[in-house]
Amino acid sequence: MELLAPAGSREALLAAVQNGADAVYMGLGSFNARRGARNFTDEDFSHAVEYCHLHGVRVYLTLNTLLTDRELPEAAEALRKASRWGVDAVLVQDWGLWQLARLVAPDQPLHASTQMSLHTLSGAKLAADLGMERVVLARELSAHDTEIICRSCGAEVEVFGHGALCMCYSGQCAMSAMIGGRSGNRGTCAQPCRLPYRTGSKTGYLLSLKDNNLSPYLQQMEDMGVACVKLEGRMKRPEYVAAVTGIYRRLLDEKRPPDRAEQSQLESAFSRAGFTEGYWLGKRGPQMFGVRPEDARWPEDWFAQVRKTYENNAENRPLPVSLSCRIASGEAARLTAALRDGRSVTVTGPVPETARNRSLTEEDLRARLKKTGGTAFVCDQIDISLEDGLMLSAGSVNALRRDALEQLRALLVKPPKRRTFPTPVLPALAESYDGAPALTASVAYAHQLTPELARGVELLYLPLPLLDQVDLDEYTEYTRLCAVLPRIFRTEDEAAFRRTLQSHPQLSAVSVSNLGHLPIVENLGLEIRGDLGMNVFNSRSLLFLRELGLQSATVSAELRHQQIRDLQKYLLCEAVVYGRLPLMVTENCVLRCSGQCGRGSGGTITDRTGAEFPVLCSHGCRCEIQNSRKLFLADKPEWQRCGLRWARLRFTTESAEDCLDALERYEGKGGGAPGDFTRGLFYRGVD
C-alpha cells in the first residue's frame, strides 16, 4: 500500500521523501485546494519531480479546484507541463478540466480528487470508466463502505489516513464562500468550521472535528485492497510531515499498529484534543469533535531531531543499486548498475593494462566501487569478474562508477514520452437561449406545496422522501415534477432510490448532484437535470455533462452574473435566484440530536455575530446547513439577462404563504426586497 505524504513547500518535500513516502502530492501556482501553502514555481516543481523520481518516489500534482473559463487555458498549460515533466498523476475536481486534459495531455494519468465527493460504488465505477486511474474517497466513509468500493471499483482506491477532517463533505462546502467570499472549492477556505457556534443551550466548537488517525487500521486497509493511504498536511510544518511520515512508514513496513509511544508522538506532532477514528468505524457523535487547545505547543525538541533527517542535503533513504563489474585482458572495462526493479545501465572504460608491479585486486576494486557518497545511491551488492595480472588506475575505476551512477540517475529522472497538444477552441454552439428564464421551485416540506405554487412555475423539485407523502396527481395538472435525489447517500441506498423513481410515473425529471447518481437513473426515461452539487463552473463542464447524457444543469452559486452570462451553454442552464443557499452537508449531526433529527424539521446554529443558520435534516440523519439570509434578486434585472433557461426559487424554511409571496415578487406582482436578505455571490463572486 502506497504511503502518500503532503509537500506544501520544498522543505516539506525533502521531509516526506527522506522519511519514507512512496509518493507526494504538491501544488503548482494557484489552481489547487491549498492555495495558502507555499506551493512551487515551475522551476522548483520540475526539480522536485527529478528529485522524487531519483528516489523512486511518485509525484502527484493537485489541480483540484473549480476553474472559470478564463482560467482554463492557464490550467491547460499546467497540464502540458506536468505531462512533459513526467508527473505521475494529476488530481482533478473540475469536470471541465478533466475534459480539457483528455485533449491537451491525453497520456497524463488522472486521479479523481476527494473534492469530487465520491462516496459510493457507482460513482467510483463511473469515474474509473471515464479514465480515472485512482479515486480518492470521501473521508466520511466507513471501513465497510470502503471495502465495497475496493472490491468492484475498477480503479485504485485512495483513503485519507491521517490529518484534518472537514465538517462538510469535500467539494460540497460553500460556507466560507458565502460568508467571506473565500471559496473552499477554489483553495481559499477560511475555515469557518473552526469557530464557535451555539445550538439551543449548547455552545462550543460545534463544527470542529478532531483530526483523523487511522494508523491502527493500516493492515485492514491493505487487506481490503486500498491502494494508497494519504496523510493530510500541506499547510503544516516540514517537521510535522517528517514525523508523521516516518511513523507511518515504520508501521507499513513492519505490518503492525502503533505502540503507545508512537501514538503519543503522533498526538504531540499535531492534534485537536486527541484523534478520532469515528468515520472509519461507522460511529458518529460528539466524541468526534474537538479543537486544538490554545496553550498547545509544537514539540520543538523532538522536531529539532526530526529536522536532521532531511536538512543540509541529508540522504536518509539512498536507493539500493547492484553493481556488476568485468575487468578482462583485451576488453574495455565494463560496469553494469541495476536497480531492484530490473532497470539497468552499462558503461565501459579503458582497456586494462598488464600489471608491471602490483595487480588490481578484487578487494581494491570492490572498495572503489562502493564509494557512492554524494549520490542518491548505495551499493546493495557487487559482483566482480576480474582476471589476474591486470592493472586499472583508481581514477579509471572511479570514473567508471561515476559514469554508471550518472547514467542510472538520468534513466530514473527521464520523463516518459507523452503527447501534448495546444488548447482547442470550444466547439461552436448550435443555438443559445436568449429569452427571460422561466421560474422553477424546489420545496423541502409537504406544507409548502400548493396548487397556486405549482401553477406559477414550469417545474417543481420534490425531495425523494416527499414523493410518497403527497398526492402527485394533484400537481401534474399544473406543472412538471422533478425528483431530487439526496446529495449524500451510500451504495446500499441505490436500489431503493431507483425503485422509488420507478414507482412514480408522474415524474418527468430527476435531479442529480453527484457522479454516483447517474447509474441510478440510467434508462428510466426521465430528463436528467444537474443540480448544485455538480459544481458547474465553466463551459467545458457543461460540455462534459452533455456528453454524459444530462439535459440541463444548475450553475454554481459561486459564479458572478457576468460569468454565468458568458458561459457557452451546451446545456440549458438554471440558477438559484431566491432562497437560502446550502452551505454544508455533514455526516455528523451539528444539532447533537443522537440520531433523532430525521424525525423532525431540524433546528438552527448561531455564530458569534448572532447570525442564525437553519439546519435541515436530510437522508441518513445527515445535516444540511443553510445560509442565515435568503438570496433575493427579484428587484434586479441581471438574473434575467444571463442566458438562463430557468431561475429557481429555493424554499427551505418558508411557510406556504411565504412561498407564494416570493413567487409573486419574481413574477413582478409583489413589492420590493424583503427585510433581511443577501445578494449572495451573484455580484461579488469568490476568490
Side-chain angles (χ1 to χ4, degrees), residues 117 139-140 164-185 189-211 272-273 276 278-279 284-292 444-445 463 486-488 532-533 557-558 576 579-632 650-655 658 675-678 680-681:
S117 311
R139 300 174 221 208
E140 289 82 356
L165 289 172
C166 296
M167 183 63 180
C168 180
Y169 274 79
S170 294
Q172 300 299 310
C173 185
M175 181 171 266
S176 177
M178 291 296 169
I179 292 175
R182 294 174 56 182
S183 172
N185 282 313
C189 180
Q191 295 190 316
C193 54
R194 302 300 180 188
L195 299 175
Y197 294 87
R198 183 179 75 253
T199 179
S201 61
K202 301 171 185 173
T203 300
Y205 294 89
L206 305 180
L207 305 181
S208 179
L209 292 168
K210 295 178 181 178
D211 280 17
R272 290 179 169 87
T276 182
Y279 286 147
R284 301 178 287 185
Q287 71 280 359
M288 290 188 65
F289 291 80
V291 66
R292 187 161 172 81
Y445 303 108
R487 291 170 73 183
I488 302 299
L532 285 173
E558 296 184 14
V576 175
R580 298 185 190 274
L581 291 167
L583 302 186
M584 284 189 178
V585 55
T586 73
E587 185 70 15
N588 254 295
C589 182
V590 301
L591 302 175
R592 304 297 196 269
C593 67
S594 302
Q596 302 302 310
C597 70
R599 302 177 184 176
S601 58
T604 61
I605 60 171
T606 306
D607 70 7
R608 297 175 301 169
T609 70
E612 291 189 351
F613 299 85
V615 180
L616 303 188
C617 304
S618 59
H619 175 76
C621 196
R622 298 178 180 95
C623 290
E624 192 176 86
I625 302 174
Q626 312 298 313
N627 201 8
S628 59
R629 293 182 293 167
K630 298 172 185 176
L631 175 68
F632 186 82
R650 188 173 189 272
F651 299 124
T652 52
T653 58
E654 288 86 352
S655 66
D658 294 334
D676 191 22
F677 68 93
T678 178
L681 299 167

Glu140 CD to Asn588 CG distance, which is reported to the nearest 0.5 Å: 9.0 Å
Under the side-chain contact (heavy atoms from CB on, under 4.5 Å) test, residues paired with Ser655 that sit two or more places apart: Glu657, Asp658
Distance, nearest 0.5 Å, that separates CZ of Arg182 from CD of Gln191: 9.0 Å
Euclidean distance, Ile625 CD1 relative to Leu206 CG, rounded to 0.5 Å: 9.5 Å
Sequence-distant partners of Cys168, side-chain contact (heavy atoms from CB on, under 4.5 Å), two or more places apart: Gln172, Cys173, Met584, Val585
side-chain contact (heavy atoms from CB on, under 4.5 Å) involving Pro196 - partner list, sequence neighbours excluded: Tyr205, Arg608
Test item: Arg580 side-chain N/O and Phe613 main-chain N/O as donor-acceptor pair under 3.5 Å: no
Residues forming a salt bridge (Lys or Arg N to Asp or Glu O under 4.0 Å) with Arg487, sequence neighbours excluded: Glu624
Donor-acceptor contact present, side-chain Ser208 to main-chain Gly290, <3.5 Å: yes
Partner set under salt bridge (Lys or Arg N to Asp or Glu O under 4.0 Å) for Asp211, not counting sequence neighbours: Arg272
Donor-acceptor pair, side chain of Lys202 and main chain of Tyr197, under 3.5 angstrom: no
Pairing residues for Ser176 by the side-chain hydrogen bond (donor to acceptor under 3.5 Å, both in side chains) criterion, not counting sequence neighbours: none
Residue list, ring-ring contact (aromatic ring centres under 6.0 Å, His included) with Tyr279, at least two apart or on another chain: none
Ser628: partners by side-chain hydrogen bond (donor to acceptor under 3.5 Å, both in side chains), with sequence neighbours left out: none
Side-chain (Thr203) to main-chain (Arg198) donor-acceptor, under 3.5 angstrom: no
With Thr609 via side-chain contact (heavy atoms from CB on, under 4.5 Å) - residues at least two apart: Asp607, Ala611
No-hydrogen, no-angle side-chain donor-acceptor test under 3.5 Å, Arg650 and Gln626: yes
Nearest-0.5 Å distance that lies between atom NZ in Lys210 and atom OG1 in Thr276: 6.5 Å
Partners passing salt bridge (Lys or Arg N to Asp or Glu O under 4.0 Å) against Glu587 (at least two apart in sequence or in another chain): Arg284, Arg490, Arg622
Straight-line distance of Lys630 NZ to Thr652 OG1, nearest 0.5 Å: 7.0 Å
For Thr199, side-chain hydrogen bond (donor to acceptor under 3.5 Å, both in side chains) partners two or more places apart: none
Interatomic spacing from CE in Met167 to OG1 in Thr586 - rounded to 0.5 Å: 4.5 Å
Qualifying residues under side-chain hydrogen bond (donor to acceptor under 3.5 Å, both in side chains), relative to Asn627, sequence neighbours excluded: none
